[in-house]
Amino acid sequence: MIRGALVIEAVERALEEEVLQGLIKLREKGVPRQGSRFPARPQSRRLTSRAFGAKTRTLWQPAFSEEEIIELDAIMEEVGAKNRSQLISIAVEWYLTPNATLGDSSIDLDS
């Protein structure tokens with residue numbers, strides 16, 4: 001249940017800081033390169049692990065109660081996430097990245 005608690009804390013903090021919806025949009029559209037004539041491109045999954053200093057991302061499954069799942073689904077709809085996995089990964093990666101800002105192009109938030 002510790003993993004579930006981490007996810008809940010991360011989602012709540014991202015909502016409080018009002019960054020979750022922006023991070024969802026950022027993942028969908030990518031970060032534009034300054035001075036480029038080309039549109040922004042979403043970053044690859046492979047770059048995500050490198051951006052966080054790891055060789056690979058670790059798959060783990062948090063456990064949630066039925067009520068928590070209902071609330072996660074409501075938040076998912078509210079912020080426009082494609083699915084719970086995207087919502088959770090964005091919130092947790094943001095939460096665990098010290099001093100991250102919404103426009104930080106070094107952070108890849110691809111699911």
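Please read these numbers as outputs of a predicted model, since none were measured by experiment.
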Nearest heavy-atom approach of Ala91 to Ala10 is O-CB, 3.6 Å

Separation between CG (Leu72) and CG (Asn83), nearest 0.5 Å, reads 11.5 Å

- Item | Side-chain heavy-atom pair Leu15, Glu78 within 4.5 angstrom cut-off | yes

Measure the shortest side-chain to side-chain distance between Tyr95 and Leu6 over non-hydrogen atoms and say whether it is less than 4.5 angstrom. yes

dist Leu23:CG -> Ser89:OG (nearest 0.5 Å) comes out at 10.5 Å

Sorted by chain and number, sequence neighbours left out, side chain to side chain contact (heavy atoms under 4.5 Å, CB included) with Lys82 holds for Glu28, Gln86

By side chain to side chain contact (heavy atoms under 4.5 Å, CB included), Gln21 pairs with (sequence neighbours left out) Lys25, Val79

Quiz item: Hey, are the side chains of Val7 and Leu87 touching, using non-hydrogen atoms and a 4.5 Å cut-off?
Solution: no

Residues passing the side chain to side chain donor-acceptor pair (under 3.5 Å) test with Arg13, sequence neighbours excluded, are none

One should read off an interatomic distance between Phe64 CZ and Ile8 CD1, to the nearest 0.5 angstrom, of 6.0 Å

Chi angles and distances behind the side-chain contact (heavy atoms from CB on, under 4.5 Å) call for Ile69, Arg84:
CA-CA 9 Å; Ile69 290 172; Arg84 275 187 226 129; 3.3 Å; yes

Side-chain heavy atoms under 4.5 angstrom apart, residues restricted to Ile, Leu, Val, Met, Phe, Trp, Tyr: same cluster for Ile75 and Ile70? no

